[in-house]
Amino acid sequence: MMSKITKEQYDFALARIEELLPLVTDETPANDRNAVELTMMSDVVIAYEKEHFPISKPTVAQLIELSLKEKQMSQKQLAIEIGVSPSRINDYISGRAEPTLKIARLLCTTLGITPAAMLGC
């Protein structure tokens with residue numbers, strides 16, 4: 001178990017990673033000194049960032065909004081695809097309403113959202 005990583009250790013690890021990256025390729029053996037050090041420095045950075053810069057899971061509203069942008073689809077187009085009113089889609093995106101299980105399934109299929117992401121897993 002790794003002890004709490006300080007900002008100084010984090011900064012050192014970031015700088016060292018930049019130095020090591022050009023020295024380690026996909027062909028470098030895993031037991032190579034530089035490859036081992038790169039792994040260790042990466043673990044330090046990951047541990048620090050996990051504690052200080054956590055990434056929260058997206059909400060249903062964020063998933064829908066992002067997927068619409070990625071697919072270059074309007075709320076109206078989505079509403080037609082899944083058989084609800086455009087105002088209902090707006091309710092989902094604004095967080096005023098949560099989709100039913102049936103609608104969530106249609107959203108997943110239409111927008112390519114994984115069911116696990118839709119459920120917040």
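In this chain, residues are counted from 1 in sequence order. The analysis underlying the following values was restricted to heavy atoms, covering all of them including side chains, and did not include hydrogens, waters or symmetry mates.
Scanning both residues, Val36 and Ala30, for their nearest heavy atoms gives CG2-O, 3.5 Å. Shortest non-hydrogen contact noted between Thr28 and Thr25 is OG1-N, 2.8 Å. Closest non-hydrogen pair, Ala61 versus Gly95, comes out as CB-N, 4.4 Å.
Note that NZ of Lys69 is 13.5 Å distant from CG of Leu111, once rounded to the nearest 0.5 Å. Atom CE of Met40 sits about 11.5 Å away from atom CZ of Arg16, to the nearest 0.5 Å. With values rounded to the nearest 0.5 angstrom, Leu119 atom CG is found 11.0 Å from Lys57 atom NZ. The line from CZ of Arg33 to CG of Leu23 is 11.5 Å long, rounded to the nearest 0.5 Å. With values rounded to the nearest 0.5 angstrom, Arg88 atom CZ is found 10.5 Å from Ile82 atom CD1. Between Lys71 atom NZ and Glu81 atom CD the span is 9.5 Å, to the nearest 0.5 Å.
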Exercise. Does the pair Tyr48 and Lys4 meet the rule for a side chain to side chain contact (heavy atoms under 4.5 Å, CB included), with working shown?
Worked result: CA-CA 8 Å; Tyr48 185 87; Lys4 188 171 180 175; over 6 Å; no
For this session: Go through the steps to decide whether Ile89 and Lys76 satisfy the test side chain to side chain contact (heavy atoms under 4.5 Å, CB included), and finish with yes or no.
Result: CA-CA 8 Å; Ile89 298 297; Lys76 185 176 181 178; over 6 Å; no
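At distances below 3.5 Å, not a single donor-acceptor pair connects side-chain atoms of Ser67 with backbone N or O atoms of Ile64. Judged by distance alone, the side chain of Gln77 and the main-chain N or O of Ser74 form a donor-acceptor pair under 3.5 Å. Listed for the Gln62 side chain is a donor-acceptor partner under 3.5 Å among the backbone atoms of Thr59. The backbone N or O of Leu107 sits nowhere less than 3.5 Å from a side-chain atom of Thr110 that would complete a donor-acceptor pair.
Side chains of Glu51 and Ile5 form no contact here, defined as non-hydrogen atoms less than 4.5 Å apart. By the 4.5 Å heavy-atom criterion applied to side chains, Ser42 and Ile17 are counted as neighbours. Between Arg105 and Met118, the closest side-chain pair of non-hydrogen atoms is not below 4.5 Å. In this structure, Met41 and Val45 have side chains that are not in contact, with every pair of non-hydrogen atoms separated by 4.5 Å or more. A 4.5 Å side-chain heavy-atom check between Pro99 and Val60 finds at least one atom pair inside the cut-off.
Looking only at atom types and distance, the side chain of Gln9 has a donor-acceptor partner in the side chain of Thr6 under 3.5 Å away.
Residue pairs that meet the ring-ring contact (aromatic ring centres under 6.0 Å, His included) test with at least one member in residues 88-121, sequence neighbours left out, do not exist here.
Under the 4.5 Å side-chain heavy-atom criterion for Ile, Leu, Val, Met, Phe, Trp and Tyr, Leu68 and Leu66 are members of distinct hydrophobic clusters. Cluster membership check: Ile46 does not share its hydrophobic cluster with Leu21, using side-chain heavy-atom separations under 4.5 Å among Ile, Leu, Val, Met, Phe, Trp and Tyr.
Ring geometry for Tyr10 versus Phe53: interplanar angle of 30 to 60°, hence tilted.
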